[in-house]
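One structure is given below, encoded as structure tokens.
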Amino acid sequence: MAWLVKFQSENNKRRKRRVSVGPVCKDGAGLYHVSVQGALFIVFLAFCLGMIIRTDKLLLNTRSLFVGQNHKTAGQKALEWWKTSIIYQIYPRSFMDSIGDGIGDLKGITTKLDYLKDLNVGVIWLSPFFESPMADFGYDLSNQTRVDPIFGTMEDFEILLKTAHAKGMKVILDYIPNHTSDQHPWFIESRKGNSSNPYYDYYVWKDGVVNINKTRSPPNNWRSFFSGSAWQFDENREQYYFHQYLPQQPDLNWRNPKVREEMEGVMRFWLDKGVDGFRVDAIQTLFEVEDVSLNEPRSFKPNVTEEEHDYVRHIYTQNQDETHDVIRSWRQLLEEYELKDGKKRFMVVEVYDEDISQVIKFYQSGADMAFYFDLLFLNRTCGGKCIQAIVNKLLDHLPEGKWPNFVLGNHDNPRIASKMGLEFVNALNTLLLLLPGTPTTYYGEEIGLENIELSYDDTQDPFGRFYGPERYREVSRDPVRSPMQWNHSYQSGFTTASKPWLPIHPMYTVLNVESQSRAKSPSHLKLYRQLAVLREEAAFELGSFEYVLVNDNIFSFVRRVDGQPAYFVAINFGHSVAMEDFRSGADATEGEVVFTTGNFQHHIYEVGQELELENIVLNPGQGIVMRLKNPGLR
Ligand code: NOJ
């Protein structure tokens, strides 16, 4: 319903809209004395009235997006932890090295739990630390239930988990169902090619095509994410196996019930250890159609070579319906645990899809959340309106009772601070932490960590290496995985090794946790902490979300809940200074400043200051949060 989306996205004009309906009808009144025209006018009037009623109904819908389902009144149960917490993603190789080998580890993470607690983080998501040959840095598992010695021991993990729990934080793990490493014992057995071997059908094996000249080709044109054919010939088995990612990451055959059972066993193993849930990796690629004679159609995307993943449309290799049966079965499994002890087990799935309906399907089949990634692709051309379109895309499609989420970065995508510039870091964190739903922060975003620069020779990421020296920069994920910057000392306090696995960003003397904690003036970190506390206010946790004024610069909204203070948030994401009157949109005339991003040059507004909503001036990258005085009732 495009019109509805459009309407809601223009909700910021709601006051103007009401005013504008009036004058149009009034103009019509001039025709009243002419009978035919008079009749027409009456029809027109009825239409206008209908529109007003409809308009209000739609506005009401927008407003009640959260109020309806989550309205907390005195005595009602509080929201579940995964709805109120910040999820903080740790890439273990890069967080903290406790033994001086240049690679982060579990013990290192444990030493930083107080830091996370202090940040008001409620959920820690640990990227893989399981046994792996590290072809894809831990997303290629040779054993899903062992800790890779690089990261420490199972005991280290247990201590980490226990300590996090003792501090009131939840821990979720990466769960990687689509593939294993080619060094996994299942694959080693499977490639032996003996049909009586129990592992024979654990992976997706197919015969190739024999050409007229007796040469052999892969079964079809399916491409791997890392470029090239997604089929690899195995000399021993004399068949091709399918790999959505690296050849070292063969895809599991989810049509084999034994595979499902084994992988359920993996979930149970970690749930028995006490983890609070999972982030499910690459869920869209779990199944591909069985008929491998089906070639995928060309995408005709510009500047994409035949070798690249995007050369074709992935209609046979992604988003297959069977995936949702599996999600349902995992939900059942998690509920089985919940029934035992009454504790929630959380599941969030990784879904990249321009088509929002594909994201929503996962919400419907049993995931608590599907990561909504559209904010990852923000850049400096995206002002208030563009951000509004991104936010609305999710909110307008989210089914009743489902919970939104927003993400600014992860280990696969360029850092947001590099794309938007350091002057937007505070604005972005304000957006992320005060929008409705659950925010996910990728380690370092709280201090404004930026991408590092790397030569091809130093490139570690297989994706970058695949693309070669000319093009590695387009795809390499190394720049976003550099070590966390703890202080301004040697190697930024990340390691004592002379060479960390990836270089530390040269800005570490300024951009580091210690300096930003101690800074007298506002720092990214200090402001992040303030926001993390502010978002615990009822209005932010479960209040309604209403746009106030949105234009090419400004993105502004009010969060409110009955009987609690209402908050007004305005951020300038544009290129020029904005001076706006927010009174009518906010249904209030004044408030108290409770947070400001500052702009590190001119501190126009101070926390604690009483401020009129008329003529608020915001520089690009600057945002303000106000507790409203006498907000109008709606
Ligand atoms: C998605 C992960 O986020 C990415 O890092 C990895 O390379 C692929 N899945 C393959 O596991």
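Order of listing sets the numbers, starting from 1, for every ligand and every atom in it.
- Between Glu189 and Lys192, at least one side-chain N (NZ, or NE/NH1/NH2) sits under 4.0 Å from a carboxylate O, which counts as a salt bridge.
- For Phe269, there are no ring pair (Phe, Tyr, Trp, His ring centres under 6.0 Å) partners at least two apart in sequence or on another chain.
- Checked against Phe187 for a ring-ring contact (aromatic ring centres under 6.0 Å, His included), the options Tyr202, Tyr200, Tyr241 give a single hit: Tyr241.
- Taking the ring pair (Phe, Tyr, Trp, His ring centres under 6.0 Å) definition, one finds that Phe137 meets it with Trp501, sequence neighbours left out.
- Of the charged side-chain nitrogens involved, none lies within less than 4.0 Å of a carboxylate oxygen, so that Glu296 and Arg223 do not count as a salt-bridged pair.
- When heavy-atom distances to ligand 1 are checked against 4.0 Å, the residues falling inside are Asp136, Tyr139, His179, Phe226, Tyr245, Gln249, Arg279, Asp281, Glu350, His411, Asp412, Arg477, Arg481, ordered by chain and number.
- Under the side-chain hydrogen bond (donor to acceptor under 3.5 Å, both in side chains) criterion, Arg477 pairs with Asp136, Asp412, Asp461, sequence neighbours left out.
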